[in-house]
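I have placed the structure first, in the form of structure tokens, so that the comments after it can refer back to it.
Numbers restart at 1 for each chain; the letters A, B, ... are given by sequence-line order, proteins then strands.
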Amino acid sequence: MSIRTKVFLYGVLLVLCVPFVFPTWWMITSSFKPNAEIFSPSLWPSSWSFEPWRQVFTMQPFAQQYFNSAYIAVVVTLGTLVVASMAGYAFARIRFRGQNVLFLLVLTGLLIPSEVTIVPLFRIFNSLGLVDTHWPLILVPMLGPPSVLATFIMRQFFITLPGELEEAARMDGLGRPAIFRRIALPLARPALGAVAIFTFLHSWNLYLEPVVYISTRTKYTLPQALTQFTDAYQGQLWNVQLSAASMTAIPVLIVFVLAQRQFIEGLAHTGLKG
Amino acid sequence: MRKTISIAATVALLGALTACGGGEAESSGPVTLRMTTWSANPDHVKLFDAIAADYKTTHPDVTVQFDALPFESYTTTVTTQIAGGNAPDIAWILEGAAPDFVASGALTPLDESIDDAADLAPTATALWKQDGKLMAYPFSTSPFGVFVNTDLVKKAGQKLPAGDEWTWDNAAKVAAATASKTGKQGLVVRDFDYKDWTNLATVFRGWGAEAWTADGKTCGFDQQPMIDAMTFLHKAIFTDKALPAPGVAADFFAGESAMTIAQISRASLLKEDGFGWALVPLPAGPSGGYSVIGQGGIGVLKKGKNASAAQEFVKFFTSPANSEKLAQFFPPPRKSQLNADTLAKANPLLKPEQLQDVVIDGIENGVVKPSHAGSAEINQAVRSGLDPLWKPDADVAGVLKGVCAAINPLLAK
Amino acid sequence: MTDVLDRTASPVRSAPGRRPFWTTRRRDQLTAYAFITPALLGALAFVFLPLVLVVWYSLHEWNVLADTFNFVGAENYRKLADDPNVPAVLRATAFFSIGLVVLNLALALLLAVLLNQKLRGTTFFRVLFFSPVVVSLLAWTIVWGFLLQDNGGLNGLLDAIGIDGPNWLRSGGTAMASVVIVQVFKNVGLNMVLFLAALQGVPQELYEAARTDGAGPWTIFRRITLPLISPTILLTSIITVVGSLQVFAQISVLTQGGPGTSTTVLVYYLYQQAFQFHAFGYGATLSVVLFLIVLALTVLQWQMRKRWVFHEH
């Protein structure tokens with residue numbers, strides 16, 4: 001590659017990354033600005049104030065809310081991995097009666113926006129006495145529409161596994177569950193990684209559901225808590241809000257930075273190719 | 001296997017369906033009341049918790065839980081909870097949603113539950129009554145006034161018109177001059193932001209204009225007073241630049257504009273070491289002086305699980321003694337407390353004459369911001385109908401005619 | 001879960017008998033049903049049951065506040081046909097979805113191709129492009145709301161180079177485009193990563209062979225790269241189309257459906273009807289419509305996959 005092409009490519013990349021980076025940069029730096037300075041598009045606070053970051057914790061049980069979001073996301077992610085890899089494997093590698101119909105049935109879940117079903121679901125959970133608990137936020141993503149996407153990804157992955165591997169395992173006397181657990185699942189690590197990231201982010205960012213289901217402050221999740229930093233008259237305390245938003249984004253960003261190599265290269269090696 | 005699945009599904013379906021229709025029995029013993037509010041402000045929460053704790057000393061069985069919902073989606077969330085069968089026991093109600101809540105029969109009448117109901121100012125309760133019964137208590141009755149950044153106005157070499165000179169024309173002139181000389185904004189109609197048009201009532205009432213007639217049946221947007229008022233507003237925005245243009249954000253309380261129209265309760269947003277400021281009544285329009293109030297009500301939902309316990313608590317929450325405590329954040333509807341002395345204690349930031357001019361006179365003579373049954377849909381229609389007005393070359397009369405065309409079918413419902 | 005299955009399966013396997021009832025095929029089938037049971041039960045409880053209820057609601061006039069729930073038959077569907085807002089809403093929905101899918105996939109592919117070059121520092125850029133995905137949607141949208149104001153950051157930037165930028169979120173022409181673009185920047189990183197993985201899975205030998213045959217870069221891209229990554233394109237386009245029909249928070253923060261009704265997409269409209277205007281029955285009717293649209297589009301894409309997706313069996 002010539003130097004000129006390289007310079008050109010770097011130029012394109014640099015220009016392209018502005019709209020991706022600037023908002024996050026602005027979010028983090030503005031969280032240190034005094035509230036009066038928020039509306040200015042300046043790149044750097046005129047004076048640094050750590051007060052908003054402290055206020056986040058005094059105005060809300062933010063640590064508790066952080067824990068809520070984290071544990072819910074982890075439980076949902078683990079649960080989804082189990083449910084989706086099993087279902088994905090069965091749909092991809094075992095032939096059984098009603099396979100296609102049942103797959104389409106499950107796939108329908110992919111098509112349901114949460115606004116569509118929130119009212120009936122709310123009534124169902126209410127009749128079970130589970131409103132204002134974390135159960136709806138765990139069960140629905142783990143078993144409902146969001147996990148369907150995971151099942152779909154897993155199925156698409158398992159389809160690409162060479163059949164000889166399973167044949168060989170079968171010769172060694174392994175049954176299906178064992179083949180799944182000892183052969184297919186270890187090979188599926190990259191796809192599981194992708195599913196884990198999708199699922200975690202989905203749960204982490206869930207907004208409508210917690211607002212509808214949860215009403216006790218100590219049970220709030222982060223996106224819900226983010227909207228609660230207001231002054232006495234519902235004026236938004238932008239700097240406090242942005243501090244809280246930064247705190248929700250930074251750890252995930254760090255984890256991604258650390259794990260992105262495994263994530264992306266893992267995907268590339270085995271290929272999420274359909 | 002498939003049979004099992006279909007049986008499980010049927011059971012689940014039946015369970016859910018029967019659960020929808022089930023009624024709850026009134027429970028005795030320990031009771032937890034849930035009250036939805038739109039304030040997560042720590043000072044407010046502290047006061048509410050104190051009142052609830054106070055109540056517990058005489059009613060040890062009753063715990064009150066304040067459930068602060070995001071303001072933006074407040075009514076929506078409450079409605080969803082009601083739809084889902086999890087209605088709060090007590091709810092704050094925004095003035096815009098008042099006619100829907102009051103007329104729907106969703107609320108329990110409160111006449112029995114208000115101490116000294118004769119003390120309530122009639123202008124304050126008008127919106128909350130149905131067939132003479134008080135359906136919700138207007139715990140916050142907050143008049144609109146004009147806050148002025150006197151430092152900014154002085155810096156621009158302008159003087160704030162007083163007395164008879166305090167008219168819309170002069171206010172717009174000062175605002176435009178201050179904006180052009182200081183590079184800040186002139187007059188901000190707070191929370192309007194070219195979306196929540198009901199806040200414009202603080203302007204168009206000066207021309208005697210109304211969004212619809214008092215019976216709610218006839219559209220007022222295409223009437224002459226409204227055309228005059230909107231023509232004035234359009235010129236002030238696009239020609240004189242006295243008001244920020246659409247999409248321009250400016251916060252008065254951060255020192256970004258010369259004046260703002262806001263409810264007086266917003267005074268607490270002013271910092272003690274901030275800029276110099278004044279609070280004056282709304283300027284006089286061609287039809288003379290006027291005032292506008294915004295309200296919040298508190299109601300007991302029939303569908304709540306503990307309606308009678310909830311009524312008891314509302315009685316306590318709105319009692320004269322607690323009303324006085326609440327007055328530091330929410331101007332009370334009680335005439336006996338609408339005097340400069342009581343209010344001054346609760347609002348140390350405001351001077352007695354400001355309280356008299358803006359608050360006391362305001363509540364006694366004020367009209368409440370426009371509201372109507374089905375207001376959310378009507379507001380939406382008006383908002384999108386008014387959108388073409390916010391362009392420099394708009395045809396004011398034509399746009400307003402369009403607004404009426406859009407909302408007439410809704411008003412007739 | 002798998003342990004449990006193992007244990008239940010093993011005694012069956014060791015059961016004596018010359019012609020065992022439990023043939024491999026039967027055992028496989030049983031395993032398959034066991035494996036899909038959680039997903040299936042989830043689909044029934046959290047997809048089909050609510051869906052049936054939504055259809056049931058759509059046959060009712062249901063005002064939550066007034067506490068009315070009356071069977072009205074097809075009344076809501078007649079209302080739908082007469083609703084003057086519906087054509088505009090459908091137009092806005094189509095505009096948003098098409099705009100989003102086209103821009104998102106094109107940009108994702110462009111970024112993936114750029115990052116697939118042999119350049120130093122691509123890892124760094126990869127992280128930057130992906131970073132919005134992990135930022136909270138609410139925060140992202142609010143920040144963009146600031147930037148797109150008439151006196152906001154973007155117009156300040158344009159001003160500096162002598163362009164008088166439009167009032168992005170307030171004029172009919174640019175409001176929808178702005179919402180689309182904000183959403184593209186938010187999520188394009190996800191598709192980019194998937195494309196990148198697919199690109200890196202294309203065997204280098206194929207490229208070399210094509211080059212020796214004298215194929216230009218564009219021909220290579222069209223003839224080799226695109227077909228080989230077509231399964232990923234299918235996956236990402238399905239995810240993006242379905243996601244685009246569920247856009248909500250962005251509209252509600254940035255434009256609230258305006259100006260006029262130019263950004264009122266179907267989800268937002270049904271949310272307005274059900275939750276803001278208290279017309280749950282009519283809202284449910286719109287939900288049914290939305291569901292049917294998504295269903296039709298997905299079936300269409302799935303059918304078309306045979307036409308253009310390489311090595312889909």
**Asked** For A:Ile94, is it the side chain, the backbone, both, or neither that has a heavy atom closer than 4.5 Å to a heavy atom of chain C?
**Response** side chain
**Request:** Go through C:Leu114, C:Thr122, C:Leu119 and name the one with the most non-hydrogen pairs under 4.5 angstrom from chain A.
**Result:** C:Leu119
**Asked** Of the backbone (N, CA, C, O) and the side chain (C-beta and beyond), which part of C:Val135 lies under 4.5 Å from a heavy atom of chain A, both, or neither?
**Response** both
**Asked** Contact part of C:Leu111 toward chain A, heavy-atom cut-off under 4.5 Å: side chain, backbone, both or neither?
**Response** side chain
**Prompt:** C:Leu137 versus chain A, heavy atoms under 4.5 Å apart: side chain, backbone, both or neither?
**Reply:** backbone
**Item:** Structural part of C:Val133 lying under 4.5 Å from a heavy atom of chain A
**Value:** both
**Asked** Short question: side chain of C:Arg126, backbone of C:Leu115 - any donor-acceptor pair under 3.5 Å?
**Response** no
**Request:** Would you mind checking which part of A:Leu149 comes under 4.5 Å of any heavy atom in chain C, side chain (CB onward), backbone (N, CA, C, O), both or neither?
**Result:** side chain
**4.5 Å side-chain heavy-atom contact, A:Pro120 and C:Trp56** = no
**Backbone of C:Val182 reached by a side-chain donor or acceptor of C:Trp140 within 3.5 Å** = yes
**Request:** Side chain from CB out, backbone as N, CA, C, O: work out which of these in C:Arg25 comes under 4.5 Å of a heavy atom of chain A, or both, or neither.
**Result:** side chain
**Request:** Examine whether an atom of A:Arg170 lies under 4.5 Å from a heavy atom of chain C, and if so say whether it belongs to the side chain, the backbone or both; otherwise answer neither.
**Result:** side chain
**Heavy-atom proximity to chain C below 4.5 Å, by part of A:Phe125** = side chain
**Asked** Checking A:Leu222 against chain C: side chain, backbone, both or neither under 4.5 Å from a heavy atom?
**Response** neither
**Request:** Measure distances from C:Phe48 to the heavy atoms of chain A and classify the residue's part below 4.5 Å as side chain, backbone, both or neither.
**Result:** side chain
**Complete:** The side-chain contact (heavy atoms from CB on, under 4.5 Å) partner of A:Phe91 among A:Ile159, A:Val106, A:Asn100 is A:Val106
**Request:** Answer yes or no: is there a donor N or O on one side and an acceptor on the other, between the side chain of A:Ser147 and the main chain of A:Met142, under 3.5 Å?
**Result:** yes
**Request:** Compare every heavy atom of C:Pro203 with every heavy atom of C:Leu228, then report the nearest pair and how far apart it is.
**Result:** CD1-CD, 4.4 Å
**Message:** With a 4.5 angstrom heavy-atom cut-off, is it the side chain or the backbone of A:Val12 that approaches chain C, or both, or neither?
**Reply:** side chain
**Request:** Quick one: closest heavy-atom pair of C:Ser244 and C:Val247, and the distance?
**Result:** O-CG1, 3.4 Å
**Region of C:Phe125 that comes under 4.5 Å of a non-hydrogen atom in chain A** = side chain
**Prompt:** Judged by atom type as modelled, is there a donor-acceptor pair below 3.5 Å linking the side chain of A:Trp204 to the main-chain atoms of A:Thr248?
**Reply:** yes
**Prompt:** What's the shortest heavy-atom distance between C:Met192 and C:Phe129, and which atoms?
**Reply:** SD-CB, 3.6 Å
**Structural part of A:Leu104 lying under 4.5 Å from a heavy atom of chain C** = neither
**Complete:** On a heavy-atom basis, the closest approach of A:Ser246 and A:Pro251 is O-CD, 4.4 Å
**Request:** Using a cut-off of under 4.5 Å on heavy-atom pairs, state which of A:Leu139, A:Leu143, A:Val252 scores highest against chain C.
**Result:** A:Leu143
**Request:** For each of C:Tyr271, C:Trp144, C:Phe291, C:Phe124, tally heavy-atom pairs with chain A at distances under 4.5 Å, and name the one with the top tally.
**Result:** C:Trp144
**Contact class of A:Tyr89 relative to chain C, heavy atoms under 4.5 angstrom** = side chain
**Message:** I'd like to know whether A:Phe96 forms a side chain to side chain contact (heavy atoms under 4.5 Å, CB included) with C:Asp28, so could you lay out the CA-CA distance, the side-chain angles of the two residues, the decisive distance to 0.1 Å, and finally the verdict.
**Reply:** CA-CA 8 Å; A:Phe96 54 95; C:Asp28 263 10; over 6 Å; no
**Asked** Does C:Thr93 use its side chain to pair, donor to acceptor, with the backbone of C:Leu266 at less than 3.5 Å?
**Response** yes
**Asked** Relative to chain A, which segment of C:Leu107 carries a heavy atom at a distance below 4.5 Å: side chain, backbone, both, or neither?
**Response** side chain
**Contacting moiety of C:Leu297, where chain A heavy atoms sit under 4.5 Å** = neither
**Prompt:** Do C:Val267 and C:Leu245 have side-chain heavy atoms sitting under 4.5 Å apart?
**Reply:** no
**Request:** Give, as side chain, backbone, both or neither, the part of A:Val21 having an atom under 4.5 angstrom from any heavy atom of chain C.
**Result:** side chain
**Complete:** Bottom line for A:Leu105: the part with an atom under 4.5 Å from chain C's heavy atoms is both
**Fill in**
Okay, C:Val242 and chain A: the region with an atom under 4.5 Å from a heavy atom over there is side chain
**Item:** Interface moiety of A:Pro223 toward chain C, non-hydrogen atoms closer than 4.5 Å
**Value:** backbone
**Message:** Aromatic contact between C:Tyr57 and C:Phe280, with the criterion being ring centroids under 6.0 Å apart: yes or no?
**Reply:** no
**Message:** To check you understand the geometry: which heavy-atom pair defines the closest contact between C:Gln29 and A:Arg95, and what is its length?
**Reply:** NE2-O, 3.6 Å
**Request:** Look at A:Gly144, A:Ala249, A:Cys17 and state which one has the largest set of heavy-atom pairs under 4.5 Å with chain C.
**Result:** A:Cys17
